[in-house]
*Asks:* 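Before I ask anything, here is the structure I am working with.
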There are 2 protein chains.
Amino acid sequence: MTTRRDITERNDRALLQAARDVLAEDGAHASVAAVAARAGVGIGSLYRRYRTKEELFQRLSLMSLDHWNEAAEQGLADPDPWAGLATFVRRCVEFGQGTLAPIAGAIEVTREMSDKARHGDELLDELVRRAREAGALRADVTTVDISLLIEQLGRFPAADQLRKQGRDDLLPGAAEARRRLIAIALDGLRAGHAPLPGSPPDNELFTGRWSNP
Amino acid sequence: MTTRRDITERNDRALLQAARDVLAEDGAHASVAAVAARAGVGIGSLYRRYRTKEELFQRLSLMSLDHWNEAAEQGLADPDPWAGLATFVRRCVEFGQGTLAPIAGAIEVTREMSDKARHGDELLDELVRRAREAGALRADVTTVDISLLIEQLGRFPAADQLRKQGRDDLLPGAAEARRRLIAIALDGLRAGHAPLPGSPPDNELFTGRWSNP
DNA sequence: CTATGCCGGAGCGATTCGCTCCGCAACTGG
DNA sequence: CCAGTTGCGGAGCGAATCGCTCCGGCATAG
């Protein structure tokens, strides 16, 4: 039997998932109506759970940061430094971490968010350091390079977006196609290639990543 | 001396460049007002040159297709198959080819566009075939993989977008950061890596890529 | 069976959209 | 030097969409 409490919880999960998907398709201009519709939920229910659109997106950002940190810790738990880094990258891309970047400037950044972001930066630093010292990671690859790769590959268009673009050929294997891109990028990160062009930025990594203008 | 005709031509160029930049930042929801403002041109001038918003975007798509084909022919002219493919990828990403994908479903596809797209597919086929036969390209990489890489890396956020995201650390070297990602991806495409996950799609490449829903 | 409280969605004012229309300034031919 | 012409910028139109409020209806708890 499904109690009312069950419905409320399921609605909340559906809202967060829908918000992520809609953001992936529509970018920063995503509307609350679209989120509610995709979640199969009335607008009223959305606004009972979240007082404003910003509150919903803040909650989603926190979820995203939590996922990043959890994936990083999982990677660090792997005794093989390279496998750990690869797992982290794969998980972040598949989560669609990059699709949330466009709203970073549209919401107020809470203390909790910046704290979690800072912690995430430290974890990625450690992941990269381990992989580099093990000789598995190309020496001149920075954490910035990796987070940008995650961001770009994580913006892989969702199924609906692909359909709008007329790329029906990719519909059956969109997830698989993205996995192939990740594999290509990871191989490009491995040691043994020629140096990357340009000098890696030397300033503090990720400084101001969640700062507000 | 600058005649009126000069001003008109300069305005047209500015409009197309502005349209590309605004699309890169705002996605498919980009407004004509934003395009005109960024081009430093009145809305009236925009609508004298292009009768509708769609006409402007169609013209931009044609430009993009021309750039793709020109870059591909330049790559084919290179006696070194791998260098030719790399040049093609670099040029397409730096042109921002991927930023136009979101509007593909928002405009009517003319015969001219689909013809040019088909020709572009043939050119890429040939680029890939050459590189593979020379043993430079990983054997199981498909043209789909490469066009998706171009699309994803080509969506690298413009400077304004980076500023909105609070990634001020990247502002001075956004172009350089993108170049580093391209280099990583290209190294991942080179021969000598383990096979890619999943089976490459066997259906006709790019079928329906510009088709209308 | 009554009472409770969460559900969905119609509808509010405000904003933004694509687009039209017109006053103004700049260049041209005489 | 003077009309005449032409391309310029932007105020403003109706329509569409925005974030958000409010309430009637109904399933569930007691």
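From a predicted model like this one, the values you see are computed outputs, not experimental measurements. A, B, ... follow the sequence lines: proteins, then strands. Residue 1 opens every chain.
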*Asks:* Give me the residues of residues 16-26 of chain B where at least one heavy atom lies under 4.0 Å from an atom of DNA chain D, by number, or none.
*Replies:* none
*Asks:* Check every atom of C/dC17, C/dT20, C/dG8 against the side chain of B/Ser31 and return the nucleotide holding the closest atom.
*Replies:* C/dC17
*Asks:* Nearest whole Å is fine: how far is D/dG19 C1' from A/Phe57 CZ?
*Replies:* 11 Å
*Asks:* Have a look at B/Ala30 and say if it touches a base, only the backbone sugar-phosphate, or nothing, with a 4.0 Å heavy-atom cut-off.
*Replies:* sugar-phosphate
*Asks:* Calculate the interatomic distance between A/Arg51 atom CZ and D/dC22 atom C1'; express it in whole Å.
*Replies:* 18 Å
*Asks:* Test A/Glu55 against A/Arg59 for salt bridge (Lys or Arg N to Asp or Glu O under 4.0 Å), laying out the working first.
*Replies:* CA-CA 6 Å; A/Glu55 196 172 302; A/Arg59 175 92 182 81; over 6 Å; no
*Asks:* Which listed nucleotide (C/dC19, D/dG19, C/dC7) is nearest to the side chain of A/Asn11?
*Replies:* C/dC7
*Asks:* Output all residues satisfying salt bridge (charged side-chain N to carboxylate O under 4.0 Å, His left out) with A/Arg138, sequence neighbours left out; order by chain, then residue number.
*Replies:* B/Asp187
*Asks:* If you check the B/Arg48 side chain, which of C/dG8, D/dG7, C/dG18 turns out closest?
*Replies:* D/dG7
*Asks:* Does B/Ser45 place a side-chain N or O at less than 4.0 Å from the phosphate oxygens OP1/OP2 of D/dG7?
*Replies:* no
*Asks:* Please pick, from C/dG8, C/dC19, D/dG19, the nucleotide with the shortest atom-to-atom distance to any side-chain atom of B/Ile43.
*Replies:* C/dC19
*Asks:* So does B/Glu176 pair up with B/Arg180, basic N to acidic O under 4.0 Å?
*Replies:* no
*Asks:* Once you round it to whole Å, what is the distance between P of C/dG18 and CD of B/Glu55?
*Replies:* 15 Å
*Asks:* Rounding to an integer number of Å, can you tell me how far B/Tyr50 OH sits from C/dG18 P?
*Replies:* 16 Å
*Asks:* Given atom CG of B/Asp12 and atom C1' of D/dC8, what is their separation to the nearest angstrom?
*Replies:* 15 Å
*Asks:* Using a strict cut-off of less than 4.0 Å between a Lys/Arg side-chain nitrogen and an Asp/Glu carboxylate oxygen, indicate whether A/Arg129 and A/Glu126 qualify as a salt bridge.
*Replies:* yes
*Asks:* Would you call B/Arg118 and B/Asp115 a salt bridge, using N to O less than 4.0 angstrom?
*Replies:* yes
*Asks:* Over 60° means perpendicular and under 30° means parallel, so classify the ring planes of A/His29 and B/His29, tilted if in between.
*Replies:* parallel
